[in-house]
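What you are looking at is a predicted structure, and each value in this text was computed from that prediction instead of being measured.
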Amino acid sequence: KPQGNLTYDLKSSPVRTIAWIMKASRQILDDAPQLASYIDGRLRYGLGYVEEVQLLTGDGTGNNVLGLIPQATAYSEAFSPALEQQIDKLRLASLQAATVSLFPSTGYVLHPTDWAKIETLKDTLGRYIVGDPTGQLQPTLWSLPVVETIAMTVNHFLAGAFKMGAQIFDRMAVEVLISTEDSDNFQRNLITIRGEERLALAVYRPSAFIYGALS
């Protein structure tokens with residue numbers, strides 16, 4: 001039987017606390033439960049954005065997560081396609097990730113502005129090359145899903161094996177707490193609402209992630 005071996009290095013992936021804080025009047029929560037749910041939803045959205053920023057670009061210092069981009073491998077094309085376009089770079093980035101790490105690429109991360117530019121590419125007859133204005137399917141490119149997030153830097157991309165190259169360990173789900181004991185809240189009838197979670201990001205193979213500029 002063929003045999004495979006795994007070689008391990010001892011690494012530390014610390015658990016980090018990610019938080020987001022909002023202010024609100026105490027009367028709002030007492031008098032309007034629907035507004036309380038509105039604030040709770042916005043708080044969780046803000047916390048989700050902070051999490052995306054940390055997982056992508058966190059520098060690992062202090063209470064920051066060491067994100068994917070600081071650990072990623074720089075883009076280096078295997079060959080120069082004829083009439084090279086931005087979408088060619090993404091294809092070559094997924095090729096680079098797969099051939100270097102031996103893990104299949106599973107997707108791309110782009111800023112919404114860059115994905116909009118790609119979706120509106122047209123040929124010489126004015127036909128859309130990638131985008132379909134009437135389409136309802138998940139955004140894909142080169143048969144791989146595309147994730148849009150404003151946490152990504154404009155004119156840059158991250159490609160790679162997100163399923164095999166890294167893993168998130170959730171140590172504590174989102175917790176929402178309310179307190180009047182913050183700054184001058186008591187005098188102003190305000191409350192501070194804090195949402196936080198604890199997680200760790202383990203990047204098993206940095207070569208599985210490729211980061212570069214589109215232009």
Looking only at the side chains, is there a donor atom on one of [X] and [Y] sitting less than 3.5 Å from an acceptor on the other?
| X | Y | answer |
| --- | --- | --- |
| Thr17 | Asn63 | no |
| Asn5 | Gln3 | yes |
| Ser215 | Asn155 | yes |

### Message
Under 4.0 Å between a side-chain nitrogen and a carboxylate oxygen: does that hold for Arg194 and Asp182?
### Response
no
Any donor-acceptor N/O pair, [X] side chain to [Y] backbone, under 3.5 Å:
| X | Y | value |
| --- | --- | --- |
| Gln54 | Val65 | yes |
| Arg16 | Asn64 | yes |
| Lys11 | Asp9 | no |
| Asp184 | Gln187 | no |
| Glu52 | Gly48 | no |
| Asn189 | Gln27 | no |

Spatial distance of atom [atom1] ([X]) from atom [atom2] ([Y]) [nearest 0.5 Å]:
| X | Y | atom1 | atom2 | value |
| --- | --- | --- | --- | --- |
| Gln96 | Lys89 | CD | NZ | 12.0 Å |
| Ile193 | Trp20 | CD1 | CH2 | 13.0 Å |
| Ser105 | Arg91 | OG | CZ | 8.0 Å |

### Task
Share the residues that join Val130 in a hydrophobic cluster, the rule being Ile, Leu, Val, Met, Phe, Trp or Tyr side chains under 4.5 Å apart at the heavy-atom level.
Tyr75, Phe79, Ile87, Leu90, Leu92, Leu95, Tyr108, Leu110, Trp115, Ile118, Leu121, Ile129, Leu141, Trp142, Leu144, Val146, Phe157, Ile210, Leu214
### Query
Apart from Val15 itself, which Ile, Leu, Val, Met, Phe, Trp or Tyr residues share its cluster (side-chain heavy atoms under 4.5 Å, direct or through members)?
none
### Task
Would you mind reporting whether Val147 and Phe162 have side-chain heavy atoms less than 4.5 Å apart?
no
#### Entry: Min side-chain heavy-atom separation Val109-Thr149 under 4.5 Å
yes
Count the heavy atoms belonging to other residues, nucleotides or ligands that lie under 6.0 Å from [atom1] of [X], then report whether that count exceeds 12.
| X | atom1 | value |
| --- | --- | --- |
| Phe169 | CZ | yes |
| Lys163 | NZ | no |
| Leu125 | CG | yes |

### Task
Grab the two heavy atoms, one from Arg44 and one from Val176, that are nearest each other, plus how far apart they are.
NH2-CG2, 3.7 Å
